[in-house]
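Throughout, numbering of the chain's residues begins at 1 and tracks the sequence. Every number for a ligand or one of its atoms is a count from 1 in the order of the listing.
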Amino acid sequence: MESSEAIRPEKMGPLVMKETWNTPGSFVSWERSENIYIVRGERGGIVFVFLNDEMFRMKVFRNKVPDLTTTAAVLAESCVPHLFPVEENDGQLTFTTSAIRLIIEKTSLLLRVENMDGKVIMQQNLTSWSPRGASHAEYDMQPDSHFYGLGEKASFLDKRGERYTNWNTDVFAPHLPEIEALYESIPLLIHMHGALSYGLFLDNTGRSDFDMRSHGVAFTIGCSTGAYDIYFINGPEMKDVVKRYTSLTGRIALPPKWAIGYHQSRYSYMNQQEVLQLARTFREKNIPCDVIYLDIHYMDEYRVFTFDPVHFPEPDKMIAELRGLGVRIIPIVDPGVKKDPNYEVYKQGVLEKHFCRRLEGDIFFGEVWPGISAFPDFSDVRTAEWWGDLHKYYTDLGIQGIWNDMNEPAVFNESKTMDLDVMHFNNGRPVTHEEYHNLYGMMMSKATYEGLAEHMGGERPFVLTRAGYAGIQRYAAVWTGDNRSFWEHMAMAMPMVLNMGLSGLAFSGPDIGGFAHHTSAQLLVRWTQMGVFFPYCRNHSSIGTLRQEPWSFGEEVEGILREFIGLRYRWMPHLYNLFHEAEMTGLPVIRPLILEYPRDPHVTNLCDQFLLGENVLIAPVYRPDTEHRSVYLPEGLWIDYWDGEVHEGGRHILAAAPLRIMPMYVKAGTFVAEGPLKQYALEDTAESVIFHLYGAEARSGFFAAFTLYEDDGHSFSYKKGHYSEISVHAAGEEGGLRLGWTYTVREYAPRRDMLRFALCYPNFAAASVDGLPEVSLEQLEEGRTGWARNGKNGALIIQVNDAARGGELRIQAVRAEEELNRKE
Ligand code: MIG
């Protein structure tokens, strides 16, 4: 006898599923409801929310009008709807702001954004969805289209011709151009064509795809689950897009200065003695260092919030001695909590229902370092607070920074992550892991940041994370995961970190020297030369690889690394100022040239050199046994940092780069603010600031200006106004230069009596500086006011009292004959 089983569908051969994708169809009606606009088609529609003149949100719906809550990426205060005039005629519906026109074609709900000159900025053609919940839209692409953003992705800067997936993934290997998903997902695409740039941000925390490869004349953005909830962000410049995107998803919190010092890590420093010895070695060798990391071996069998009683028996003593040396530690904290009924964190987590569960109520267990582990459900405020509070364990020890790893979350199984049917409670609005996945790591770091801040008495915390989603910049710096000690990976770190910067992640960087595989003397030198100009600067390497602390390759290498790490510390005022700018504007600390020179066709995909801020060009050597490289200098005059040679821009030059040199250029007529060399960022040395002005000219029309932000470098008191801002300027005139400085804010007073200016490679020599005596360099060092010729690199050095709110000086240039006489 046969049962109905005999005709099971699978036995009938493979079932060819024909999914019919649906579109909203043609226009039916529109209405305004409160401050939002609902446009209905035959089978669905789109809700439009205008955030301001330059940004609007569009959320596609199938049957019911969707709710308009956003994910944690978007700042509630930036998402307030505004009304704008709407006009309807037979064929179109048009919304008009002061900057753009959004035109919806009634036939197909195709939509188009134009600027006030009628130029098309963006065109969205087909919007469609599958019966199983995927959505997709197609956008016009031009012959001159270039694409940027998308956070942490492999390959080159311009994403034209690439296709990527956003699904936070623990990719130990390989980091290759064909890898579509890494640890972070920032679904922001910046599209530049001609003089127009705009951004599209798909706020979807499940799997999404951006395809700039497959369609030739169009690119597509799709997602597998959840809502098609997309933000249009207007330019016209890429800088506008970055500023606006970060006004929507937030900007970095100004880090404590120690967090932007040099950091040393290893998987793992195995015991207390090793950590202390390491710190002492940095001090003995005079190599600046702020932080040593504790990787997983510091824990008691990988239980988070513990120290191993054998190898780290006295963490408090260790930390006290480190503090004396000016070194902090940052321990790693993974999300997996070891299943062990005798482990307090696990017990609490179970009893208080903090772990991710399936709908039916059973806890999801996965294997990670500690063995079978449970995973906190950070989507819930209650659990986030619990987790944050657990960090009191660390803050009580004086720890102020935490390293979040494995928070994709990574699980040792086939899918490499949590099962998709696990639920996130999400404060009473449960969602599956499939829909929530990309947010998991960010919510962990948010909980960590907030917990640390809560227990640090007004000091700024630091969190480093591997996984994240749009908005992660508000809580954590990001490192780019398990790269390898390959020259190719050093080179790829540039476009990767540059695009992260364009995607709001202003504070990021790779493992310097490479994590896996074995570094070499040259690779470590070249990578460190580059790495000290990246926003996040940490040397980290894996267990089983050659050691790569700065002294691992003998004295010559050590000397070069000391110089370059020292340079980062001397440039700390400048760097810190750029972090302040990133907090205020969202603009990244390091920038691809295209951001500053958007009309220069040579730089659309240039990513083997970059800018620190807007005026310092860094051109690393990223191949072995290479002592020259070509450098592209954009328009203007560029001064070689090492020898002062002035180069006319708008062309390529060949730079000499023996191992101790990394080519660097400062744009003529700009400032770099330097401070004293310190062994750690908050070392209590005499404070000083030297405004280096490059390439001053004694002619009318020359003008340079710069503003330096300063505060205590470690507390939140700057938020209450305790900071200072000093603006300096130099205006050339016939026969001289006027140099001025003004404190526009002076609510924080650095401990210094003097201000110094160094005119590097001016095109004139000074005869006198009005009101100031000519003194020797030694006298300047002793703290006298005055001016001296021939500082380092022939600079003219001027020292003034820092007492007043400002001042102005006139520098008299020597006439050519006088200069000649003087020399004879
Ligand atoms: O899968 O904690 O990317 O930086 O050293 C290894 C050990 C887990 C991965 C991180 C790496 C870290 C390592 N972790």
Does the pair Tyr293 and Tyr269 meet the rule for a ring-ring contact (aromatic ring centres under 6.0 Å, His included), with working shown? CA-CA 8 Å; Tyr293 284 67; Tyr269 295 121; 9.4 Å; no
Which side-chain N or O atoms in residues 500-508 pair as donor and acceptor under 3.5 Å with protein atoms at least two apart or in another chain?
{"residue": "Ser503", "atom": "OG", "partner": "Leu150", "partner atom": "N", "Å": "3.4"}
{"residue": "Ser503", "atom": "OG", "partner": "Gly151", "partner atom": "N", "Å": "2.9"}
{"residue": "Ser503", "atom": "OG", "partner": "Asn499", "partner atom": "O", "Å": "2.6"}
{"residue": "Ser508", "atom": "OG", "partner": "Leu505", "partner atom": "O", "Å": "3.2"}

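Annotation: side-chain hydrogen bond (donor to acceptor under 3.5 Å, both in side chains) contacts of Tyr394 (sequence neighbours excluded): Tyr298. Partners of Thr395 under the side-chain hydrogen bond (donor to acceptor under 3.5 Å, both in side chains) rule, at least two apart in sequence or in another chain, do not exist in this structure.
Protein neighbours of ligand 1 below 4.0 Å, counting non-hydrogen atoms: Tyr267, Asp295, Ile296, Ile332, Trp369, Trp403, Asp405, Met406, Arg466, Trp479, Asp482, Phe515, His540.
Judged by distance alone, the side chains of Lys153 and Asn166 do bring a donor and an acceptor atom under 3.5 Å apart.
Under a 3.5 Å cut-off, the side chain of His489 and the backbone N or O of His175 do form a donor-acceptor pair.
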